[in-house]
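Start at 1 with the first residue, then count along the sequence. All values reported here derive from a predicted model rather than from experimental measurement.
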Amino acid sequence: MPNIKSKYDLFKQRAYIIIYGTSTRAGRIFDFILLGLIMLSVLLVMMETVADFNLKYHSELVFLEWIITIFFTIEYAMRIISINKPWKYIFSFYGVIDFLAILPMYLTFVFVGSNIFTVVRSLRLLRLFKILNHPKFHSQSIQLKQAINASRGKIVVFIYFVLIITILIGSIMYVVEGSESGFTSIPAGIYWTIVTLTTVGYGDISPVTPLGQFIASLVMILGYGIIAVPTGIVTAEIAKSHQKTTLHPETPCAGCGTDDYPENSNFCHKCGHSLDN
């Protein structure tokens, strides 16, 4: 009995290293295989919705989906077995997603056509963030997260401003165009404004009066500026964050004592003193 227990513990340890060990070679190979199967599974579900393709290869599609489902089922069970606190995984975000990924195919025994919901497996691609847990990618993700957090207030104010502009323009277009042009209500005018500002332009509603067309032209031009503003805000914060990471607080300028100069600077930008040691 002790020998059986020790073998079981060794099995759990090896399974844990392979399944959860993204930093190990075996773990990374397993995760890349897993991602490949997830992408293949989503592709199979999409191809099943193509009538001609499904009619010709329906049996093959179902067979492959079951093979992948069985693999995911074994993987899900191994994730539970190989950790000391299985409930923590089962009710975690990834645990719920993994469970939902295998559920639809088994529901086909009860509900016909429920296998189409296997497209939820695409959510498992979020595991890519765990696989890319490399120091280089990790530092870049932290930098981007810090930039977004730093610009959060500016973006909220900007969105509030855009919301007010959208309501005003939508109301004006309702008054100018009226229901004859498709602007049957202020919400319809707001919908048209959002579609136009985002440069989507579905064309289901369009102004016909000269004044309405003039306003629409201004909204289209304004849309390009609105799209560029959030990008500029985040980019500025990223540049500021990058500049902070290249400073040398341990070697202040001998002339004025400042330490906020870029890494490759030869002269202080404040006093002009040489920075060569």
Would you indicate whether the side-chain heavy atoms of [Y] and [X] approach each other to under 4.5 Å?
| X | Y | answer |
| --- | --- | --- |
| Y160 | V156 | no |
| L44 | E48 | no |
| F183 | I205 | yes |

Pairing residues for [X] by the side chain to side chain contact (heavy atoms under 4.5 Å, CB included) criterion, not counting sequence neighbours:
| X | answer |
| --- | --- |
| I33 | I29, L37 |
| F53 | M47, V50, Y57, L61 |
| S171 | I167, I186 |

Subject >> Donor-acceptor contact present, side-chain S181 to main-chain G178, <3.5 Å >> reply: no
Quick one: list whatever passes ring pair (Phe, Tyr, Trp, His ring centres under 6.0 Å) with [X], sequence neighbours left out.
| X | result |
| --- | --- |
| Y16 | Y20 |
| Y224 | none |
| F158 | none |
| F71 | none |

**OP:** Kindly write out the residues that satisfy side chain to side chain donor-acceptor pair (under 3.5 Å) with T199, not counting sequence neighbours, or none if the list is empty.
**Re:** none
Original post:
Who pairs with T73 by side chain to side chain donor-acceptor pair (under 3.5 Å), at least two apart in sequence or on another chain?
Top reply: Y106
Original post:
Do any pairs count as a side chain to side chain donor-acceptor pair (under 3.5 Å) and have a residue in residues 182-191, sequence neighbours left out, and if so which ones?
Top reply: Y191-D204
Subject >> Whichever hydrophobic residues join V208 through chains of side-chain contacts under 4.5 Å >> reply: none
Original post:
Taking the hydrophobic residues Ile, Leu, Val, Met, Phe, Trp and Tyr, and joining any pair whose side-chain heavy atoms are under 4.5 Å apart, which ones share a cluster with L218?
Top reply: F214
**OP:** Tell me, yes or no, whether the heavy-atom count around F30 atom CZ, taken from other residues, nucleotides or ligands under 6.0 Å, exceeds 12.
**Re:** yes
Original post:
Applying the side chain to side chain contact (heavy atoms under 4.5 Å, CB included) test to V219, which of V195, T196, I226 qualifies?
Top reply: T196
